[in-house]
Number of protein chains: 2
Amino acid sequence: MAGSEESKIAELKREQDASDLEEFIGYNLKRAYVIVQNDFRAALGKDGLGPRVFSALSLVVQFSHITQSRLARKLGIERSGLVAIIDELEGRGFLARTTVPGDRRVQALVPTKQGITAYRDAQARVKEHEDLLLENLTAAEKQTLIGLLQKIRSGEE
Amino acid sequence: MAGSEESKIAELKREQDASDLEEFIGYNLKRAYVIVQNDFRAALGKDGLGPRVFSALSLVVQFSHITQSRLARKLGIERSGLVAIIDELEGRGFLARTTVPGDRRVQALVPTKQGITAYRDAQARVKEHEDLLLENLTAAEKQTLIGLLQKIRSGEE
DNA sequence: ATAAAACTGTTTACCTAGTTAACGTTTTAT
DNA sequence: ATAAAACGTTAACTAGGTAAACAGTTTTAT
């Protein structure tokens, strides 16, 4: 056992904060998520895109002409919930709902030039903030973390 | 480069799903968090404790006579938000708000016997479900994950 | 050919989880 | 003694999501 004065203090401090909760993946996940999400909001500012609107725009830019149903599935949310998100992006002039010749049910989502540049800009700012927030994690650690999180995600269809 | 038929297919599939979003820690964190949180709810059932109520109870059991302010700080939420949580736990008969002799502002939170057994029970069920959900992660991976998440958490005061 | 089933986008009502600002009470500092 | 701070609480608000129902459209069975 470590016997130095420092480690005893550190041990004591850890004991003080320690709780059953720390053992749960879910709890740690949530606490970390809240921190990163707050940083995200700080990165894009008060009138900037919210996390979910940013995510939707990202996918529309990358997968032009995607339908709302497919987009909702990709985001892992219900398509009813996507409506307000697309409304906002359309309202900001970042994408358009366009009709599709073969199928009058769907409306393909097409990013505008403005939407594309807005996304590139936001992407850069978020990345910058995230890098700063996580500066005490090495590149390898970040990659490990993403790998483990995706392993959790891979469980769901 | 891998040349087998399988790897080409796997590569194609990965490409199809790949998006800028996967690079963001925040996005991966959120998606994983949603999965684990849903599992948590499944573990405790429709009328079971919600995640935050469970967390609050956990800390009250472990730190008997804690005040609401200190508890809120431990949970990383505002003390105003804690009121409803404590109301619920008190309503279920899992804890009591008790007056403190020296200070008439505070109300020490004391778990009832019922609260303690309810917590032990819930704790076991959540752990069981979490283990099952994360069965494709090794014990070492889970520990690594927790360590990395706590490294993120350690950034905030 | 026609009826049934399935899919698309949408609205509405609801739920969970949290914040900020204000207030009355009590305690601490000056 | 008085000002400042801390405690628990309420009220109004924001964010993010679900479930159920709907009208219109397309696909599938028969």
Side-chain angles (χ1 to χ4, degrees), chain A residues 26-27 29-31 33-38 40-42 44-56 60 65-91 95-109, chain B residues 26-27 29-31 33-38 40-42 44-56 60 65-91 95-109:
Chain A
Y27 183 75
L29 219 37
K30 173 172 194 173
R31 295 296 296 262
Y33 162 62
V34 167
I35 293 168
V36 175
Q37 204 227 31
N38 285 344
F40 180 102
R41 289 189 184 286
L44 296 188
K46 198 176 98 60
D47 292 321
L49 298 174
R52 58 189 202 151
V53 181
F54 171 83
S55 295
V60 171
H65 288 81
I66 193 174
T67 68
Q68 289 191 38
S69 286
R70 292 219 324 120
L71 180 53
R73 272 191 293 270
K74 262 190 195 298
L75 289 171
I77 63 175
E78 294 298 315
R79 61 197 202 285
S80 63
L82 190 59
V83 176
I85 298 172
I86 301 303
D87 283 349
E88 176 176 340
L89 286 170
E90 194 180 36
L95 61 74
R97 287 168 158 114
T98 69
T99 63
V100 172
D103 192 337
R104 281 182 300 180
R105 288 174 302 185
V106 310
Q107 293 172 257
L109 302 172
Chain B
Y27 183 74
L29 220 36
K30 175 174 190 171
R31 294 297 296 263
Y33 162 62
V34 167
I35 292 169
V36 175
Q37 204 229 29
N38 285 344
F40 180 101
R41 289 189 184 285
L44 265 42
K46 197 176 99 63
D47 292 321
L49 299 174
R52 60 190 201 149
V53 181
F54 171 84
S55 295
V60 171
H65 289 82
I66 193 173
T67 67
Q68 290 190 38
S69 286
R70 293 218 324 119
L71 180 52
R73 273 192 293 271
K74 263 191 194 294
L75 289 171
I77 64 175
E78 294 298 317
R79 63 195 200 285
S80 62
L82 190 60
V83 177
I85 298 173
I86 301 303
D87 283 349
E88 176 176 341
L89 285 171
E90 195 181 35
L95 61 75
R97 286 168 159 113
T98 70
T99 62
V100 172
D103 192 337
R104 279 184 302 179
R105 289 174 302 182
V106 309
Q107 294 173 256
L109 301 172

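Here is how names work: the chains are called A, B, and so on, in the same order as the sequence lines, proteins then strands, and each is numbered from 1. Basis for what follows: all heavy atoms, side chains included, without hydrogens, waters or symmetry-related copies. Not measured: the values here are computed from a predicted model.
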N/O contacts under 3.5 Å, protein versus nucleotides 20-22 of chain C?
unit_1: C:dT20; atom_1: O4; unit_2: B:Ser80; atom_2: OG; d: 3.0

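Two residues are said to be in side-chain contact when any heavy atoms from C-beta on lie closer than 4.5 Å; B:His65 and B:Leu109 fail this criterion. Side chains of B:Ile86 and B:Arg97 form a contact here, defined as non-hydrogen atoms less than 4.5 Å apart.
The pairing partner recorded for C:dT26 is D:dA5, the criterion being a Watson-Crick or G-U wobble arrangement whose two distances lie under 3.5 angstrom. Base pairing analysis places C:dT12 opposite D:dA19; the two distances defining the Watson-Crick or G-U wobble pair are each below 3.5 Å.
Rounded to an integer number of Å, the gap from A:Leu82 CG to C:dT10 P is 9 Å. The nearest whole Å value for the distance from the CD1 atom in B:Ile86 to the P atom in C:dA17 is 14 Å. Between A:Leu71 atom CG and C:dG9 atom P the separation is 10 Å, expressed in whole Å. Note: CD (B:Glu88) to C1' (C:dT16) measures 11 Å, nearest angstrom. Counting to the nearest Å, the P atom of C:dT10 and the CD1 atom of A:Ile77 are 13 Å from each other. Remark: C1' of C:dG18 and CZ of A:Arg31 are 13 Å apart, rounded to the nearest angstrom. The interatomic distance linking A:Arg70 (CZ) with C:dG9 (C1') rounds to 16 Å, in whole Å. Straight-line distance from the CG atom of B:Asp103 to the C1' atom of C:dT25: 11 Å, rounded to whole Å.
For DNA chain D, the span of nucleotides reached by chain A at under 4.0 Å from its heavy atoms goes, 5' to 3', from D:dA15 to D:dT26.
Within 4.0 Å of B:Arg41, counting heavy atoms only, lie sugar-phosphate atoms of the nucleic acid but no base atom.
Of the possible polar contacts, one joining the B:Thr98 side chain to the B:Ala108 backbone as a donor-acceptor pair under 3.5 Å is found.
With sequence neighbours excluded, the residues forming a ring pair (Phe, Tyr, Trp, His ring centres under 6.0 Å) with A:Phe54 are A:Phe40, A:Tyr119, B:Phe24, listed by chain and number.
Between A:Gln107 and B:Val53, the residue whose closest nucleotide on DNA chain C is further toward the 5' end is A:Gln107. Two residues, A:Ile66 and A:Lys30, neighbour DNA chain C, and the one matched to the more 5' nucleotide by heavy-atom proximity is A:Ile66. When each of A:Pro101 and A:Tyr33 is assigned the nucleotide of DNA chain D bearing its nearest heavy atom, the one mapping closer to the 5' terminus is A:Tyr33.
Across B:Ile85 and B:Val53, no two heavy atoms sit closer than the pair CG2-CA, 3.9 Å. Considering every non-hydrogen atom in both B:Val36 and A:Gly26, the closest pair reads CG1-CA, 3.5 Å. For the residue pair B:Ala72 and B:Arg79, the shortest heavy atom distance occurs at CB-CA, 3.6 Å. Scanning all heavy atoms of the two residues, the minimum distance from B:Lys74 to A:Tyr27 falls at O-OH, 3.8 Å. The two residues B:Leu75 and B:Ser55 have their closest heavy-atom pair at CD2-CB, 3.8 Å. For A:Leu49 against A:Leu89, the heavy-atom pair with the smallest separation is CD2-CD2, 4.3 Å.
The side chain of B:Arg105 places no N or O atom within less than 4.0 Å of a non-bridging phosphate oxygen (OP1 or OP2) of C:dT25.
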